[in-house]
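Everything on this sheet refers to the single structure shown next.
Computed over heavy atoms, backbone and side chain alike; hydrogens, waters and symmetry mates excluded. Chain letters run A, B, ... following the sequence lines, proteins first and then strands; every chain starts at 1. The structure displayed is predicted, hence computed values, not measured ones.
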2 protein chains.
Amino acid sequence: MARNVTIAQVAEQAKVSKSTVSQFLNKRYEYMSESTRQRIEAAIEELNYHPNIIARSLKQKSTYTVGVIVANILHSFSTQILRAIENNFNDNGFHIIICNADDEPEKERNYIEMLLAKQVDGLIIFPTGGNLDLYEQMKQRNFPVVFMDRKIDGLEIDTVMLDNHQAAKLAVDAFVESDYNQISIITTSIIRNTSPRVERIEGYKLALEEHGLPVRPEYIRTADAEQIQGVLKELFALQEPPEAILAGNDIVLIEVLKYMKDHQLKIPKDVAVIGIDEVSFASFYSPPLTVVTQPTIEMANKATELLLAQINSKNKTARTAIHRLHPSLIKRSSC
Amino acid sequence: MARNVTIAQVAEQAKVSKSTVSQFLNKRYEYMSESTRQRIEAAIEELNYHPNIIARSLKQKSTYTVGVIVANILHSFSTQILRAIENNFNDNGFHIIICNADDEPEKERNYIEMLLAKQVDGLIIFPTGGNLDLYEQMKQRNFPVVFMDRKIDGLEIDTVMLDNHQAAKLAVDAFVESDYNQISIITTSIIRNTSPRVERIEGYKLALEEHGLPVRPEYIRTADAEQIQGVLKELFALQEPPEAILAGNDIVLIEVLKYMKDHQLKIPKDVAVIGIDEVSFASFYSPPLTVVTQPTIEMANKATELLLAQINSKNKTARTAIHRLHPSLIKRSSC
DNA sequence: CTGTTAGCGCATTCAC
DNA sequence: GTGAATGCGCTAACAG
């Protein structure tokens, strides 16, 4: 009654050998007569037989499973990417195992090791940056890996990420165009210098300079979500509080909006706001929120494509590169 | 250099037999001398050996992997549950494979079959309701399964779901208390009568009756997300348009808020609104949104607990039941 | 066309 | 304490 039906039983029932059944399972019908084909088919049906993929994987060294390790599942960006990746891989007959490293290198290390031990065919990682030895090892073993969202310098691994400089620039440009010159940027804290945050700040600085605007260190803040209310309080206690705030991701944006609400500050009259990452409520918020979006679908597609290419080419060392996708500004009314 | 290091090579390197290495791997140190123990340890280190979990699984019939099939990953509810489940299972040394059935029974069937073939140890399913034969089969095989969010009548399978009657009642009560008597409910469409939607409508009717209010069919609407704008238009074109709207889930709520924004209707002055499911922006929206929340963490915990219990008890047929968790009203200002 | 044989990498008796 | 032998379920030559 249980799932103990094996190929041997099917063979027995159909009065053929296991290998013939195996042939059948792999659709190599040329290797058998019509009558045996039908007997096998009937036996399978009757026994309700389903091949054990684990056993097959052991032999074939391919599990049709890939692991995805996100740095922090709480970002809407991660969720969007995850959805798209799940969709892509399922279209290609792969399953995905999702792990959340929670921004902790220890967890990430653990997941990578377990996933490798589980013989996944490849890995998509939002790297914490804390396990260079492992990254290096996979690279040297030619194990299929693609990095998402963050890059690791000095490692030749396919990487899909946003053009963060441009993202920041789009926002700064929009602010300046609307005559806001005192612009602040807030990102979540930059442990291990995760590239998006660093780059967004760099892009912000570059953009300010392009506009001939001064870069004021007190306007550049990084903090964990829980501390952002405090940061905002400090910002608005400044001699010259910012006229505009660029929220580095959706979590920051939400904190900013809470603060505005709590302190009855009007957007954009009292302070203009732009967020990086689209949020579900942007279009109907009051005011509708101007936002810089990441092309999450395209990013997921690119990552899928790269990983699949690596998986299928095996040990043919293809060129690796950093693929920068472009953000776009959705102009609404918060700036 | 590759991941081809096997237990045999370790054994050779350490000058012992494979079985002794196996003992070591399973931490049965009492079966070997201190010196061999150290030799094995050194060999493993030197070869950078990692056991192949697939091979182990084949033998032990346990993959430490569970599958989760959500009906529709677009609901914030699904995402929240998924996060919590991932967290729980990883704490217990399991990995989870996530699949999105997209409300299509065909996809669900395909996933279930593949996941079983992959020898997952258990399944958490948000059932589409379209594959009763499969559900039944798993039940009979005593395969660990728990249903989430939706129940399938006539099947004794552990199920975790919301007390949907109460959820609707909480909302209706809140409306009535604020003197709104013409209350509408909108849910996404009820294909195959998925229980939450049906139950929420039932609960809504019951609550109205309790308050001695008439149940007006024209106030009860179900529609796909894309059609909701049209539904709202019809609702407000009514002789007596509703004074209050209960949004059956986050997707409906968003559509309702868009409509309000587009038509410059003020909440709650022109129409009061309550949504089922907490949304990220509820607390700082204008006005802050009153909402009925599901205890997603508790639901995920319960599901984890039930599935783990089934996995660990194997074939001891435990009692199965429907576990109803309770919603709660977060009173803010949209009603 | 079909059956025999030999592993895949590991775990598990059961002797020595 | 240690090792040889066997099998998990399937695939893949290789004969016949």
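- The residue among B/Met32 and B/Lys59 whose nearest nucleotide of DNA chain D lies closer to the 5′ end is B/Met32.
- Residue A/Tyr49 places at least one side-chain N or O under 4.0 Å from the OP1 or OP2 atom of D/dC10.
- Nucleic acid contact class of B/Ser57 (heavy atoms, under 4.0 Å, all strands): none.
- Side-chain atoms of A/Gln294 and A/Asp149 form no donor-acceptor pair, as typed in the model, at a separation below 3.5 Å.
- When the C1' atoms of four end pairs are superposed on the next four at each end of the helix from C/dC1-D/dG16 to C/dC16-D/dG1, using five pairs per end, the two resulting axes differ in direction by 40°, to 10°.
- Looking at A/Glu106, A/Lys107, A/Met114, A/Glu108 one by one, the single match for side-chain contact (heavy atoms from CB on, under 4.5 Å) with A/Asn110 turns out to be A/Met114.
- Counted by atom type alone, B/Gln13 and B/Gln9 present zero donor-acceptor pairs between their side chains at under 3.5 Å.
- Here the C1' atom of nucleotide D/dG1 and the NZ atom of B/Lys15 are 19 Å apart, to the nearest Å.
- Per the geometry, CD belonging to B/Glu12 stands 15 Å off C1' belonging to D/dG3, to the nearest Å.
- B/Arg28 has its CZ atom 17 Å from the P atom of C/dC10, to the nearest Å.
- C/dT12 atom P lies 6 Å from atom CD of B/Gln60, rounded to whole Å.
- Remark: P of D/dG1 and CD1 of B/Ile40 are 14 Å apart, rounded to the nearest angstrom.
- Rounded to an integer number of Å, the gap from CD1 of A/Ile53 to C1' of D/dT11 is 14 Å.
- Within a heavy-atom distance below 4.0 Å of DNA chain D, the residues of residues 18-26 of chain B found are B/Ser19, B/Thr20.
- For B/Ile54 and D/dT11, the CD1 to C1' distance is 15 Å, given to the nearest whole Å.
- No close placement of the B/Phe126 and B/Phe147 rings is indicated, their centers lying 6.0 Å or farther apart.
- Within the 4.0 Å cut-off from OP1 or OP2 of D/dG9, not a single side-chain nitrogen or oxygen of A/Thr6 is found.
- Looking at A/Glu86 and B/Asn100, their side chains never bring a donor and an acceptor atom within 3.5 Å of each other.
- More than 12 heavy atoms of other residues, nucleotides or ligands lie within 6.0 Å of CD in B/Gln80, so this atom counts as buried by the packing criterion.
- A donor-acceptor pair shorter than 3.5 Å cannot be found between the side chains of B/Asp158 and B/Thr320.
- Of the residues near DNA chain D, B/Leu58 and A/Arg56, the one whose nearest nucleotide (by heavy atom distance) lies more toward the 5' end is B/Leu58.
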Decide yes or no on side chain to side chain donor-acceptor pair (under 3.5 Å) for B/Thr63 and B/Asp121, but give the supporting numbers first. CA-CA 6 Å; B/Thr63 53; B/Asp121 294 342; 3.3 Å; yes
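- Protein atom CD1 of A/Ile44 is 13 Å distant from nucleotide atom C1' of D/dC10, rounded to whole Å.
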